Amino acid sequence: MARIAPVNARGTRDFLPRDLVRRNRVFALLRATFERYGFEPLETPSIENTSVLEGKYGEEGDRLLFRILKRGRELESGVRALDALSLGERSTAAMSRALSDEALRYDLTVPFARVIAAHQNDIVLPFRRYQMQPVWRADKPQRGRYREFYQCDVDCVGSRSMTVDAEMVAIHQEVFAALGFSGVVTRINHRGLLAALMATCDVPEEQYVATLTTMDKLDKIGLDGVRTELSKASLSDAAVDRLTQAMGLTGTPETIIESLRPIVGSNPMGAQALDELAQVFGYLADMGVPAERLRFDLSVVRGLGYYTGTIYETVLTNSTLGSLGGGGRYDQLIGMFLGRDLPCVGISFGLERIFDALDEQELARDEVTTTTQALVTLFAAETLASSFALATELRAAGIRTEVYTEPKDLRPQLTFASKKGIPLALILGPDELANDTVALRDLRAGAQRIVPRSETVAAVQSLLTGES
RNA sequence: GUGACCGUAGCUCAGCCGGCAGAGCGCCAGAUUGUGGCUCUGGAGGUCGCGGGUUCAAGCCCCGUCGGUCACCCCA
């Protein structure tokens, strides 16, 4: 029989136990933090109707949707409808629509918006939720970019108050500190401020996107690079001067905000953005977030999607990995499902990049690679019952215990424990049984001692203290 | 979507001008019949991604194809 190549679908990964032990630890830390702030869990289906997803992520996003093929009679009629089209009418989009009416979710924000609109009567506003689930994108895989990956979103719907915006940044900071990162800085900006800056610098509307994209490159190409690139675009010298002058402002957020007032303060949107930013920085100070962890940064742009207000991006200053997460305020997305706008603010955690960063910063080194804490050895058929009894006692005490599968020499049993990373082995043979003892071996330290059978559980517990 | 590079043992890779398929790690066994890791000794393991072409001869050259990596775009 021909062997089937055991390869993953492109851009997907298997998570072996040693990977998952680590991932679950991070997931648990995130959940605990979110719930400590009063955010509640939410899950939505993997599959959505394409009408929910299409048009929300731009043309690129529509192209990257994983579409589910229609089945049976629906597929047949879809094919017939396609046959009826002329060759010129058979665009990729038209074919996709004819043959598919469902797709895998592309992110967590749009399904969240659908849920808010669908369950208005069951949701108390302001509503805080968190969501950690995989999403799918038919992208070309790259380092740190997969076609199936987990997203982790934290959002609050129903409040315009900047206290919520500040809370989002505080949660970001708290999670990254708890994970052990140092040098974590959240860069904060405002979409309204950017729009006002464009307007007051006389940037033509068709140049907004290109100008913002250039500004976004500040940390890559520097202020001079931005100036050069802006000059090449069809912007007036005065516009380039004012933009780079604004971007070059340094100092505390408060002083930068005051320096910007003369530039954009005459624009109502700009004035409001500056007020909101001042509030966010003020609340963050009240919440006890250290000022050196925060930066007002005009070069934060965050894609060009649905953000309408504050935007944030959290980075590791001592790494080239880039952003570990980000978010912002988006007040118009839910309106697409609800018919009226509801204010929203949210952040996401770039989980896959966080795991890369944990590796890079070597913050996950000596972690255990198995959930099992103790192996009970099996000596012979006659001692089997004693081994089972010991394991039952250990499990009753909450110790994650496995019994070796069959009586065998001690060597393979210890090799097994060592390879798996099980920290403790309990050896129970005729000698121990005769003396009513257990040989308790700590494989991490290479130490072994004989303990009385009655004190075994306590001895194991004391060797395991400090572990979770 | 655009461009560059790479596919050789389970993994990471070497293989010169075309001339017998290699190393390290891992794996298995023994040294060690009640003790993992360290050390030593030995062993197993290959359709050189796949298909075609050139040649007396192809891992190496040519064409195609599939897969992977990286950069750009976009994004998490």
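Chain letters run A, B, ... following the sequence lines, proteins first and then strands; every chain starts at 1. Predicted, not measured: the structure shown is a model, and the values here were computed from it.
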Between A:Arg353 and A:Ala9, whichever has its closest RNA chain B nucleotide further toward 5' is A:Ala9

Decide if atom CD of A:Glu292 counts as having more than 12 heavy atoms of other residues, nucleotides or ligands within a radius under 6.0 Å.
yes

Using a 4.0 Å heavy-atom cut-off, write out nucleotides 28-35 of chain B from 5' to 3' as B (base contacted by protein), S (sugar-phosphate only) or - (no contact).
S---B-BB

Across nucleotides 1-6 of chain B, 5' to 3', mark each nucleotide with B, S or - according to how protein heavy atoms within less than 4.0 Å reach it.
-BB---

Rounded to the Å, how far apart are [X] [atom1] and [N] [atom2]?
{"X": "A:Glu148", "N": "B:C75", "atom1": "CD", "atom2": "C1'", "answer": "17 Å"}
{"X": "A:Asp14", "N": "B:G10", "atom1": "CG", "atom2": "P", "answer": "18 Å"}
{"X": "A:Tyr307", "N": "B:C75", "atom1": "OH", "atom2": "P", "answer": "11 Å"}
{"X": "A:Tyr404", "N": "B:G36", "atom1": "OH", "atom2": "C1'", "answer": "12 Å"}
{"X": "A:Tyr57", "N": "B:C75", "atom1": "OH", "atom2": "C1'", "answer": "13 Å"}
{"X": "A:Tyr106", "N": "B:C74", "atom1": "OH", "atom2": "P", "answer": "12 Å"}
{"X": "A:Leu30", "N": "B:A76", "atom1": "CG", "atom2": "P", "answer": "17 Å"}
{"X": "A:Asp216", "N": "B:C74", "atom1": "CG", "atom2": "C1'", "answer": "12 Å"}

Going by salt bridge (charged side-chain N to carboxylate O under 4.0 Å, His left out), name the pairs with one or both residues in residues 126-140 of chain A, residues two or more places apart or in two chains.
A:Arg128-A:Glu167, A:Arg129-A:Asp155, A:Asp139-A:Arg145

What's A:Gly446 touching, base or sugar-phosphate or nothing? Going by heavy atoms closer than 4.0 Å.
base

Just checking A:Tyr150: base, sugar-phosphate only, or nothing, at a heavy-atom cut-off of under 4.0 Å?
nothing

Checking A:Gln173, A:Arg295, A:His172, A:Glu313 against A:Thr186 for side-chain hydrogen bond (donor to acceptor under 3.5 Å, both in side chains), the one that qualifies is A:Gln173

Using 4.0 Å as the upper bound for N to carboxylate O, is an ion pair formed by A:Asp107 and A:Arg105?
no

Residues A:Glu174 and A:Arg293 bridged, charged N to O under 4.0 Å:
no

Test A:Cys152 against every option in A:Val175, A:Leu351, A:Ile347 by the side chain to side chain contact (heavy atoms under 4.5 Å, CB included) rule and name the one that passes.
A:Leu351

If you measure from the [atom1] atom in [N] to the same atom in [M], how many Å do you get, rounded?
{"N": "B:C60", "M": "B:G53", "atom1": "P", "answer": "14 Å"}
{"N": "B:G46", "M": "B:C20", "atom1": "C1'", "answer": "15 Å"}
{"N": "B:C27", "M": "B:C70", "atom1": "C1'", "answer": "32 Å"}
{"N": "B:C40", "M": "B:C25", "atom1": "P", "answer": "9 Å"}
{"N": "B:C74", "M": "B:A21", "atom1": "P", "answer": "50 Å"}
{"N": "B:G36", "M": "B:A29", "atom1": "P", "answer": "13 Å"}
{"N": "B:G15", "M": "B:A9", "atom1": "P", "answer": "15 Å"}
{"N": "B:G51", "M": "B:C66", "atom1": "P", "answer": "15 Å"}

Sub-3.5 Å donor-acceptor pair from the side chain of A:Thr456 to the main-chain atoms of A:Arg453, do we have one?
yes

Is the backbone of A:Thr213 close enough, under 3.5 Å, to the side chain of A:Lys217 for a donor and an acceptor to pair up by distance?
no

With stacking defined as ring centroids separated by under 5.5 Å and planes differing by under 30°, is A:Phe149 stacked against B:A76?
yes

Mind checking what makes ring pair (Phe, Tyr, Trp, His ring centres under 6.0 Å) contact with A:Tyr146, not counting sequence neighbours?
none

Could I get the full list of ring pair (Phe, Tyr, Trp, His ring centres under 6.0 Å) partners for A:Phe112, not counting sequence neighbours?
none

Could you check whether the rings of A:Tyr307 and A:Tyr330 sit parallel, tilted or perpendicular, using 30° and 60° as the cut-offs?
perpendicular

Which of parallel (below 30°), tilted (30 to 60°) and perpendicular (above 60°) describes A:Phe34 and A:Tyr130?
tilted

In dot-bracket notation, what is the pairing pattern of RNA chain B, taking Watson-Crick (N1-N3 plus N6-O4 or O6-N4) and G-U wobble (N1-O2 and O6-N3) contacts under 3.5 Å, with [ ] crossing and | for other strands?
(((((((..((((.....[..)))).(((((.......))))).....(((((..]....))))))))))))....

So, A:Asp62 versus A:Tyr57: side-chain donor-acceptor pair below 3.5 Å or not?
no

